[in-house]
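Structure first, then comments.
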Amino acid sequence: MGEDRSEILQGTLDLMVLKTLDAMGPLHGFGVARRIEQLSDDALRVNQGTIYLCLIRLVQKRWIKAEWGTSENNRKAKFYSITKSGRKQLAAEAENWERVAGVIGRLLTLRGEQ
Amino acid sequence: MIRRLLALFQRDQLDREFDQELESHLAMLVDENVRRGMSPNEARRAARMRLGPASLKDQHRDTRGLPGLETIWLDLRFAFRLIARERWFSAAAIAALALGIGANAAGFTIVNAVFLRGLPFEDGERLYVVSWQNRSGRRVNTAYAELQDWRAETRRFAGLAGYRYATLSIADDSALPEQVDGAWLTANAFALLAQQPMLGRAFLDGDERAGASPVVVIGDALWQRRYGGDPAVIGKTVRVNGQPSTIIGVMPAGMKFPDQAEIWGPFVPTDGERERDVRPLRVFGRLNDEAERREAQAEMSAIGRRLIDAFPDATKDLTGVRVETFTERYIGGMGRPMFYTVMGAVSFVLLIACANVANLLLSRSAYRARELAVRSALGATRFRVVRQLLLESSVLAFIGGGIGLVLAAAAVRAFAAAMEGTLPYWIVFSVDYTVFAYVAGICAFTAILFGLAPAIHISHIETNDALKEGGRGQTGGRGVRRFSSGMVIAELALTIVLLVGAGQLMRSFATLYAADLGIDVNGLMTMRVHLQDDRYRTAEERRAFFDRLEPRLAAIAGVEAAAVTNGVPPLDGGERLLETERTAQAPGTQPVFVGTVTITPRFFDVLGVRLLRGRNFDDRDGAPGTETVIINDRLASRFFPGEEPIGKRLRFTQREPPPGKAPEIWRTIVGVTPLVKHGSNADSYINAVVYIPYRQEAPRSASLLVRSALPVSSVMGAVRREVQAIDPDQPVLSIQTVAQLLEQDRWWYRTWASLFGTLAFIALTLSAIGLYGLVAYAVSQRTQEIGVRVALGADRGRVRWLILGGTMRQVALGLAIGFAIAVPLALGRVLPGGLEDMTPFDPVAVAGIVAILVGVSVAACLAPVRRATRVDPVVALRAE
């Protein structure tokens, strides 16, 4: 049961990272973590370190790529950006979510009617 | 996937990069926190907490790499470190393994060379020897016409060719005339072997036609030796057996088919050799691409049957055709059981080595217990623990195997040198890829064999007990002790079998060595002459040659005596079936094989042998009407026990004399000699010898026996001069002292005996070491017990005896069981080489073995016991 949860969490996190990079352009790890926290209104406060586990997974799947660069305050940091296949994956995932959300939504309204 | 693999190799670099990333991230967090108003310290602490646990780095590594493989690599590194740290232990284990695996590798190399590899020709394993078989199961040569028939009818063989051994004398202006081994081949032989000449050409069909101009192909050795490697040798003329022949080609070095041949000529059958019942040729063939041995055998058998039916007179004694490999043809027989015995022996040594190492590992289990318990506590599964232990044993095995391979290579080289000249030239003992693969397999196998039991046992140790302070847990338990004892008993049994076997062999050899030749070998020399068919066609001509030669030899200055014979001791001139007047008439008695030696009258003078009874041969013996023989005392006591043999008669016979053949002549015994050794002990007769006067049967191939105080080279020169005074083209070969001849005769036994002796010694050493280790360990385990006893007031000496007694009882049990297993095995076996008069059970050897093993056990006890009883009992009680 715990595994299922972590898998779901992984998948969600992947989606969020991809979306973030897609929307914001190249970001370093700190930036991605910060952004996700902001977007989710601090509801998703994961250990910032786990971001990196997600990032490395996405790099291996070739959905994002990494490059060394300099940050705003002149620190050396690795910048991640989304790739073409990453964008495709993002679109597919988003569509999936929408479908699921639609079904659930209809289910819920159904119950209400009854 | 590939990225993951790559990540493994770039581990350090990637680790560093990630560190940097984290550093930057941390710094940014800190900055933010400071901006929010926290103090630098608070900022740091808060930032670190946000970042996550320390295991992040490991998780990162796991996510990006292949964790499974990584752990194996880690385990390997740990294993290496462990081995380096425990130097004595590792050295002992590796030494044992090196010996065991090395012995095995050497044994396998030998077996591989003899049985698994084919002839050194292209697709050599598709070459087979085809021969007739007769009623007694012996192989029979083939007639020229029959070869033609076989070639015409076979579908399975791509081709069949014939060959015939020959000793040829060659003479030309390049060097002294010499006699070399060679072969007559049918024209297609070289092509069938797929052997190209290095220079010039091989035979063509035209070369074997009657009336074709004679040609020869020479070998590289001959080419270098006689012609200095001069390429202009092609086209030169050389007198082969007196006949001028043109050299048309040179074969590359290493080509000596069929056996040590240095020169080849086309087989051109004489008129006599065209007859169907004249069988000069041996036949070999190459299988077709699609054909299999079984099919070829069936086909040749059918062809053979057809020929037997078609030509009943010519194929009277023949029963069928046999298709076999060259190895089977030339080695099978005595070779096979000998080689299997070797493999068995080296396997024993390996098992003993494994038992040793297993015990070593087990005795270390107490030491490892705590470390492994910690691992388990940290979450290592039993599988992982076992895997790690197996990895350790694998490392030991492969290191030991590597060293063993080097040892084996050296041993094989020594063995090959010792076997030089006794085996067909195409058997080359070398360490090749097959051997490497075999050794690798053995290493893996032994790693599992000696590693598994201790590994499983150790992994069973209860974590709690092991972690407890001073906890021995189950490590000193009965299970371990029983396993160790079992191992030791097994080791002892194996060693005993090996030692008994080796002991038998070595004692027989010692008997052989000590066997009195019956003569004084001082200053005794021998040379060979071989009278060619074409120049000495009749017995008369041969006799005349020796008539003229013997007095000339005796007349040489410095020569005390000279004679001619075909059986220089310890050799003989052949063996024949013998019957006496009595046995010929008695029903049901079988004729027996005896040795025969043809001699000139001064034979016994040269050897310094005095007749026991009767008289020596004189110049008349052997002439028609005076068919006489001299026998030795062995024969006399065997065939004429208690009676006077002089005047009695005997004759030679055959098991199945062909019908219409005249019966053998009766020969009269005129003298009896003491035993002079002719023929090795392995021959089927019992050293009973009949001496035949040369006048009766002048030999074609004979040895000149000369006793002289002069150095060998001057004697050789003088003898050669006398021989060539009679016949200028007659070469004289291979001079050696009879003492050297004796050494050669013993080589076969000496090599095998030393091989087995070495193996047995290794086994004994390993067993002794294993025994020592085990006993020492067992005693040290009882240190607590000893301490208790001494603390309770026991006399130290008494305690020592107690421990000693206990250990001895164990060893005695081990030995008893070992012997109970080993002795019936040893008794039941027939040692290859068929040495007669061998005591299957040698009390001296057995006593020696027992003494050594008991001695080792006592020695193993003494030191630990002394140490244990000297220790302050309080310390002993508290000790782990």
Side-chain angles (χ1 to χ4, degrees), chain A residues 2-3 6-7 9-11 13-14 17 20-21 24 26-38 40 42-81 83 85-86, chain B residues 1-38 40 42-70 379 381:
Chain A
E3 276 185 337
S6 78
E7 266 183 26
L9 197 61
Q10 262 185 25
L13 200 54
D14 288 354
V17 170
T20 311
L21 289 177
M24 309 280 302
L27 272 181
H28 48 57
F30 178 73
V32 173
R34 258 277 162 270
R35 193 68 192 154
I36 290 180
E37 283 173 5
Q38 286 171 0
S40 62
D42 275 355
L44 287 168
R45 270 184 139 249
V46 291
N47 262 332
Q48 289 205 338
T50 50
I51 270 292
Y52 286 103
L53 300 180
C54 172
L55 285 170
I56 198 95
R57 258 201 328 273
L58 293 179
V59 167
Q60 284 194 339
K61 292 193 196 164
R62 296 186 188 271
W63 290 337
I64 65 178
K65 61 179 193 285
E67 258 177 350
W68 280 101
T70 353
S71 73
E72 315 84 43
N73 27 9
N74 264 335
R75 293 200 189 278
K76 193 162 171 219
K78 225 179 200 182
F79 282 82
Y80 298 88
S81 47
T83 62
S85 53
Chain B
M1 184 64 208
I2 305 190
R3 279 175 158 238
R4 285 179 165 239
L5 227 81
L6 279 177
L8 266 185
F9 290 110
Q10 300 171 310
R11 208 167 72 141
D12 289 335
Q13 183 196 1
L14 290 175
D15 273 349
R16 256 178 287 131
E17 284 191 1
F18 187 54
D19 278 347
Q20 273 186 334
E21 265 199 276
L22 280 183
E23 270 300 314
S24 320
H25 191 126
L26 194 69
M28 288 189 246
L29 264 177
V30 170
D31 287 348
E32 193 188 64
N33 283 345
V34 165
R35 250 182 289 129
R36 287 237 192 94
M38 290 195 217
E42 278 181 357
R44 268 229 140 192
R45 226 181 312 130
R48 238 189 233 122
M49 278 207 305
R50 285 301 310 283
L51 207 47
S55 63
L56 191 64
K57 282 204 212 147
D58 290 328
Q59 284 179 317
H60 190 247
R61 216 178 292 141
D62 282 347
T63 319
R64 69 161 188 259
L66 281 168
L69 215 62
E70 279 227 38
T381 61

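Numbers restart at 1 for each chain; the letters A, B, ... are given by sequence-line order, proteins then strands.
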So Val17(A) and Trp63(A), side-chain contact (heavy atoms from CB on, under 4.5 Å) or not? Walk me through it. CA-CA 10 Å; Val17(A) 170; Trp63(A) 290 337; over 6 Å; no

Counting only heavy atoms not in Gln13(B), do more than 12 fall under 6.0 Å of its CD? yes

Against chain B, label Leu53(A) side chain, backbone, both or neither, depending on which of its atoms sit under 4.5 Å from a heavy atom there. both

Leu29(B) versus chain A, the contacting section by heavy-atom distance below 4.5 Å: both

In chain order, what residues pass the side-chain contact (heavy atoms from CB on, under 4.5 Å) check against Met38(B), with sequence neighbours excluded? Asn33(B), Glu42(B), Ala43(B), Ala46(B)

Which atoms of Glu23(B) approach chain A - backbone, side chain, both or neither, heavy atom under 4.5 Å: neither

Applying side-chain contact (heavy atoms from CB on, under 4.5 Å), can you list everything that pairs with Asp19(B), at least two apart in sequence or on another chain? Lys57(B)

